[in-house]
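All values reported here derive from a predicted model rather than from experimental measurement.
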Amino acid sequence: GTRAGTGGPQPRLERYTGEYNEYGQREGYGRVSMPQSRPRGGMHTYAGQWKQGQMHGTGTYCFGSDGDRDGEEEGVGGGGGNRTRNVHPFTGTFVHNQIKGFGKHQYCDGSSYEGQCVGVTREGYGVSVEVGGDRYEGEYVNDLRQGHGKLSYAKNSNTYEGSFHHGVREGRGCWRFEGGVYEGEWVGGAMEGWGVCRYLSGDVYTGTWLGGMLQGEGEFRHSNGDVYVGGFVRGKEHGKGRFRAASGGTYEGEYHEGKR
């Protein structure tokens, strides 16, 4: 093929420089600039591999400036368009004019994603790093965290590793935070169901949770040897319970908001 901007048919306003096949189709390596027709659409560019007139293989696509919803341009979005951080490059795999497979999105706000995607939609396994440094490594479905993953917070070094559903912690997971470690069930992003929390103080709670608080039946072992077994409501002993002091004393009866 020839390296020129005039070796084949040029769509109106596009500028292409690169290789063509014998049929005048873009094929091999080439660069193209594509003005966007919508208001404030800016200029999209692609540099990479072509096959039979289509972006196909590895390349870098730079999305246009202000006003675009990323990836909604025909042949590039791949049915996604959930992320709206404009003016960013994608470097990775293209299949028949569509971003598909492994690649890296570097968003204009400083965040990034590297992994499997379809269009601008994260789909499969990948790593996201947010502006503040928070990092997620794991599975995505339709641009949302779904399946197994690990979320690390830059501000306080807290981490969660376990199951996600529709973008939030749900299922079983391990939460390491400043005060200790919780291992157990989650619902809607909160500790809920059965779980064990080992506090840095040495205290250990084993039992049920609701909305991130001790709720239901459980056992609380204090670091000094005291043990309470019974009901909890909103994080406090409530209802029937048994208490055994490290010194040997015992109590069995009713509790109300942490008091006998």
Worksheet entry | Beyond-backbone contact of Q49 with F94, side-chain heavy atoms, under 4.5 angstrom | no
Min side-chain heavy-atom separation Q215-F232 under 4.5 Å
no
side-chain contact (heavy atoms from CB on, under 4.5 Å) filter on E217, not counting sequence neighbours, yields none
Practice prompt. List the steps, then state whether side chain to side chain contact (heavy atoms under 4.5 Å, CB included) holds for Q52 with E27.
Written response: CA-CA 6 Å; Q52 295 180 348; E27 187 148 343; 3.8 Å; yes
Any chance you could lay out the side chain to side chain contact (heavy atoms under 4.5 Å, CB included) test for F243 and E237, step after step, and finish with the verdict?
CA-CA 10 Å; F243 175 79; E237 299 93 333; over 6 Å; no
Side chain to side chain donor-acceptor pair (under 3.5 Å) pairs touching residues 165-187, sequence neighbours excluded, are Q146-H165, N158-E178
Between the CG atom in D143 and the SG atom in C117, the distance rounded to the nearest 0.5 Å is 10.0 Å
Members sharing V204's hydrophobic cluster, built from side-chain contacts under 4.5 Å between Ile, Leu, Val, Met, Phe, Trp and Tyr, are W194, V196
On a heavy-atom basis, the closest approach of Y29 and A47 is OH-CB, 3.7 Å
Residues passing the salt bridge (Lys or Arg N to Asp or Glu O under 4.0 Å) test with R135, sequence neighbours excluded, are E137
Rounding to 0.5 Å, atoms CE (M55) and OG1 (T58) come to a distance of 13.0 Å
Taken in chain and number order and not counting sequence neighbours, the residues that satisfy side-chain contact (heavy atoms from CB on, under 4.5 Å) with A246 are D226
d(H88 NE2, S112 OG) to nearest 0.5 Å is 11.0 Å
Before you tell me yes or no, could you show the steps for E161 and H148 under side chain to side chain contact (heavy atoms under 4.5 Å, CB included), namely the whole-Å CA-CA distance, both residues' side-chain angles and the distance that decides it to 0.1 Å?
CA-CA 8 Å; E161 184 168 6; H148 185 84; 3.5 Å; yes
### V118 side chain near Q98 side chain, heavy-atom distance below 4.5 Å
yes
### Task
Determine whether K51 and H96 make a side-chain contact, defined as any pair of heavy atoms from C-beta on separated by less than 4.5 Å.
no
Closest non-hydrogen contact found for H238 with Y228 is N-OH, 4.0 Å
Distance col, row T206:OG1 vs L214:CG, nearest 0.5 angstrom, shows 10.0 Å
Taken to the nearest 0.5 Å, the spacing of E123 CD from E139 CD works out to 11.0 Å
Q) Got F177 and C197 here, is their nearest side-chain heavy-atom distance under 4.5 Å? A) yes
By side-chain hydrogen bond (donor to acceptor under 3.5 Å, both in side chains), R198 pairs with (sequence neighbours left out) none
task: Anything under 30° is parallel, anything over 60° is perpendicular, the rest tilted; go ahead and classify Y136 against F164.
output: perpendicular
Applying salt bridge (Lys or Arg N to Asp or Glu O under 4.0 Å) to E254 and not counting sequence neighbours gives none
| Chi angles and distances behind the side chain to side chain contact (heavy atoms under 4.5 Å, CB included) call for E257, R234 | CA-CA 8 Å; E257 295 184 350; R234 293 187 295 275; 3.9 Å; yes
For T45 and S33 the tightest heavy-atom approach is CG2-OG, 3.9 Å
Residues passing the side-chain contact (heavy atoms from CB on, under 4.5 Å) test with V32, sequence neighbours excluded, are E14, Y16, R26, M34, Y46, W50
When every non-hydrogen atom of M191 is compared with those of W209, the smallest separation belongs to O-CB, 3.5 Å
Sorted by chain and number, sequence neighbours left out, side-chain hydrogen bond (donor to acceptor under 3.5 Å, both in side chains) with S152 holds for none
Contacts of F102 meeting ring-ring contact (aromatic ring centres under 6.0 Å, His included) (sequence neighbours excluded), chain-then-number -> none
Minimal heavy-atom distance between C174 and V181, with the atoms involved, is SG-CG1, 3.8 Å
For R221, the side-chain hydrogen bond (donor to acceptor under 3.5 Å, both in side chains) test, sequence neighbours excluded, returns E219
dist I99:CD1 -> Y61:OH (nearest 0.5 Å) comes out at 8.0 Å
When every non-hydrogen atom of A154 is compared with those of G132, the smallest separation belongs to CB-O, 3.5 Å
Residues passing the side-chain contact (heavy atoms from CB on, under 4.5 Å) test with D203, sequence neighbours excluded, are Y199, S201, F220, H222, S223
